[in-house]
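Working notes, structure below.
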Amino acid sequence: MTVYRPLPADRELAEYMRQIVRESRELLKQSPPDTFLGRRTHEPFQGEGDATPTEER
């Protein structure tokens, strides 16, 4: 029966991949970025839209 013993380079690569996974999981825990799409930041003023651009209000 053959026993596999990882090389030092394999250990370094495995630790690097674990670090990538840890960082990825931390990023996934964060809330998604706000894209401002569909968000209403204010309500229009009353009467807005009644006057055309050439008329005075």
Side-chain angles (χ1 to χ4, degrees):
M1 179 172 171
T2 304
V3 176
Y4 173 73
R5 299 196 191 284
L7 299 173
D10 292 336
R11 286 189 196 124
E12 292 171 6
L13 183 59
E15 183 54 38
Y16 176 72
M17 295 307 294
R18 287 185 195 104
Q19 181 63 30
I20 296 292
V21 169
R22 279 191 290 268
E23 292 173 9
S24 299
R25 291 184 68 174
E26 288 299 317
L27 285 174
L28 290 172
K29 286 180 185 178
Q30 297 176 4
S31 61
D34 188 5
T35 60
F36 302 102
L37 297 175
R39 182 168 29 134
R40 296 186 69 171
T41 57
H42 68 282
E43 294 295 323
F45 294 115
Q46 288 182 340
E48 188 175 274
D50 294 342
T52 61
T54 57
E55 295 176 348
E56 292 184 13
R57 292 185 187 201

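We count residues from 1, following the sequence as given. Keep in mind it's a predicted model, so treat the numbers as computed, not measured.
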Original post:
Rounded to the nearest 0.5 Å, how far apart are CZ of R18 and CG of L13?
Top reply: 9.5 Å
**OP:** Please list, chain by chain and in numerical order, all residues satisfying side-chain hydrogen bond (donor to acceptor under 3.5 Å, both in side chains) with Q19, sequence neighbours excluded.
**Re:** R22, E23
Could you pull out every donor-acceptor pair under 3.5 Å between side chains of residues 4-12 and any protein atom, sequence neighbours left out?
{"residue": "Y4", "atom": "OH", "partner": "D10", "partner atom": "OD2", "Å": "2.9"}
{"residue": "D10", "atom": "OD2", "partner": "L7", "partner atom": "N", "Å": "3.4"}

